[in-house]
Amino acid sequence: RPTERPLAARQAILPRWKAMRVYNASRMQRRWHSGGIAGFDMPAVLEVAKAYGIEPLPHLIDLLVLLEAKELEVAHKDGQ
């Protein structure tokens, strides 16, 4: 029987396409305020991940936070 990899090793090999899948599927899960977009509604985004059968491991959350930061940077640059 093969030895199961430690959690850190499993997180390290999480395909980035899974983060992109969750990101694209959760485009409607954003929080807004009077100044424009405020960021992800992370509990809702993680529920989308679960609905797609993607376990919300810390590595996935890290990748989503990076995507969120980039989205906010672009949105605020464009004045949204």
Side-chain angles (χ1 to χ4, degrees):
R1 200 173 117 166
T3 305
E4 186 169 327
R5 293 179 183 201
L7 179 60
R10 290 195 314 260
Q11 291 171 351
I13 60 171
L14 177 79
R16 287 183 176 88
W17 68 263
K18 287 187 178 184
M20 288 304 299
R21 171 78 173 187
V22 173
Y23 175 78
N24 288 327
S26 63
R27 297 291 297 180
M28 300 298 292
Q29 308 303 326
R30 302 297 184 263
R31 293 182 187 252
W32 295 82
H33 58 72
S34 60
I37 190 169
F40 290 175
D41 181 352
M42 194 56 80
V45 171
L46 297 179
E47 285 301 315
V48 169
K50 291 177 190 175
Y52 277 89
I54 299 171
E55 191 176 355
L57 296 171
H59 187 67
L60 173 69
I61 296 168
D62 291 344
L63 291 172
L64 290 170
V65 168
L66 289 173
L67 290 168
E68 176 186 38
K70 190 62 178 172
E71 181 178 302
L72 290 172
E73 178 185 317
V74 170
H76 291 195
K77 182 179 179 184
D78 293 341
Q80 294 181 2

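Just the heavy atoms: all of them, side chains too, but no hydrogens, waters or symmetry mates, feed the values below. The structure displayed is predicted, hence computed values, not measured ones.
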Shortest non-hydrogen pair, His76 vs Ile37, comes out as NE2-O, 3.3 Å
Which heavy-atom pair separates Arg31 from Pro43 by the least distance, and what is that distance?
NH2-CD, 4.3 Å
Distance, nearest 0.5 Å, that separates CG of Leu63 from CE of Met20
10.5 Å
Of all heavy-atom pairs between Leu64 and Ala19, which one has the smallest distance, and what is that distance?
CD2-O, 3.7 Å
Just wondering, more than 12 heavy atoms not from Arg30 lying within 6.0 Å of its CZ?
yes
Answer yes or no: is there a side-chain heavy-atom contact under 4.5 Å between Val65 and Met42?
yes
What distance do Leu46 atom CG and Ile54 atom CD1 have between them, rounded to the nearest 0.5 Å?
11.0 Å
How long is the span from the NZ atom in Lys18 to the CG atom in Leu60, to the nearest 0.5 Å?
9.0 Å
Minimum-distance pair of heavy atoms, taken over all atoms of Pro56 and Ile61
O-CD1, 3.9 Å
Would you check if Glu71 and Phe40 make a side-chain contact, meaning some heavy-atom pair closer than 4.5 Å?
yes
Minimum-distance pair of heavy atoms, taken over all atoms of Ala25 and Val48:
CB-CG1, 3.8 Å
